[in-house]
Amino acid sequence: MKIAILSRNAKLYSTRRLVEAAQARGHEVRVLDVLRCYMNITSNRPSIHFKGEDLTGFDAVIPRIGASVTFYGTAVLRQFEMMGVFPLNESVAISRSRDKLRSLQLLARKGIGLPVTGFAHSPDDVGDLINMVNGAPLVIKLLEGTQGIGVVLAETHKAAESVIEAFMGLKANILAQEFIKEAGGADIRCFIIGDKVVAAMKRQGKEGEFRSNLHRGGSATLIRITPEERSTALRAARTMGLNVAGVDLLRSNHGPVVMEVNSSPGLQGIEAASGKDVAGSIIEFLEKNEPAGSTRTRGKG
Ligand code: ADP
Ligand code: MG
């Protein structure tokens, strides 16, 4: 296969590993900075150009689109889809997963376990919003945050009120969520490829930190997940329409709850914790699924 990897930086661990794994399995691979791809969208032969070159002949594309370039990145990916190139994850699925509120609504529709979550626009409704999600302590999140930035734990009703009002004053979209205290500052990352959880790890926040993000100093260890956790993670990825996903679960008193579904999960933490060749499994997934060819949406939506 001829594979394109959409990534802003070829030196990133995940990008390097995907390049290595593709080459090791005999494929031709190119890393393309998504912000340097430009497109002719009016033509009856959709095309993508890269630094003056007309890109042709790709069989598959692996999007590694950072949160800050979601808008442009998914447009480029959509163009690849229109050209008949098989995407590891579809552009629509990536767009869905980048909006925490939209994701949670889709998951709720399928009856997947979630922390009690609320959303409001007007400062006048903040008091009732807090009560609706069972009061303080509660977690407040920016809808489009990543790496733990924009996630705040408010210990008291008063603190929650002022934080929510401050965010609203900045016109930031936020959600308020039940704090799953019993998770003890840990979450479980399930790495999904196709219909399998290929590896799972527990991430523990550093001392005194409720956020377990590795970017916030959390540490990762291998973990055995329960059958219920496995099926919850798989259903979540399927609901989002993602072939490859990092589904983050919290162990709550009322069973596993899905916190978020990541469409470009990092490989470094999971490969280190599990000792598995996750990059190789991703390429293997492309080998099995690209020949069938068509994407579900082909650039629609
Ligand atoms: P981000 O997209 O920034 O990673 P998350 O929603 O994943 O945002 O939250 C970051 C971290 O905060 C999680 O990994 C988890 O450890 C902690 N966290 C988030 N929501 C809750 C919650 N409702 N209860 C307990 N801990 C939470
Ligand atoms: Mg997270």
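Whatever order the structure lists them in is the order used to number ligands and atoms, beginning at 1.
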Check the angle between the aromatic planes of His49 and Tyr38 and answer parallel, tilted or perpendicular using the 30° and 60° thresholds. parallel
Atom indices of ligand 1, in the order listed, that fall short of 4.0 Å to a heavy atom of [X]:
X      : answer
Glu178 : 22 (C), 23 (N), 24 (N)
Gly148 : 1 (P), 3 (O), 4 (O)
Gln147 : 1 (P), 3 (O), 4 (O)
Lys141 : 5 (P), 6 (O), 19 (C), 20 (N)
Leu250 : 21 (C), 22 (C), 24 (N), 25 (C)

Tell me yes or no: between the side chains of Ser97 and Ser263, is some donor less than 3.5 Å from an acceptor? yes
Does the side chain of Asn289 pick up a donor-acceptor pair with the side chain of Asn243 at under 3.5 Å? no
Anything under 3.5 Å between a donor and an acceptor, one on a side chain of residues 107-130, the other on a protein residue two or more places apart or in another chain? List them.
{"from": "Thr117", "atom 1": "OG1", "to": "Pro115", "atom 2": "O", "distance (Å)": "2.7"}
{"from": "Thr117", "atom 1": "OG1", "to": "Gln177", "atom 2": "NE2", "distance (Å)": "3.0"}
{"from": "Ser122", "atom 1": "OG", "to": "Asp124", "atom 2": "N", "distance (Å)": "3.1"}

If you define the side chain from C-beta out and look only at heavy atoms, does anything of Lys206 sit under 4.5 Å from Arg216? no
Pro46: side-chain contact (heavy atoms from CB on, under 4.5 Å) partners, not counting sequence neighbours: Gln79, Met82, Met83
Applying side-chain contact (heavy atoms from CB on, under 4.5 Å), name anything that partners Gln105, two or more places apart in sequence or on another chain. Leu101
Could you tell me whether [X] and ligand 1 have an N or O pair separated by under 3.5 Å?
X      : value
Lys100 : yes
Ile180 : yes
Phe179 : no

Specify the protein heavy atom at minimum distance from atom 7 (O) of ligand 1: its residue, its atom name, and the distance to 0.1 Å. Glu260 OE2, 2.7 Å
Among all protein heavy atoms in this structure, tell me which lies nearest to atom 11 (C) of ligand 1, with the distance rounded to 0.1 Å. Asn213 OD1, 3.2 Å
Arg64 (side chain) donor-acceptor with Thr15 (main chain) under 3.5 angstrom: no
Which atoms of the protein, restricted to N, O or S, are nearer than 2.8 Å to the Mg ion (ligand 2)? Glu260 OE2
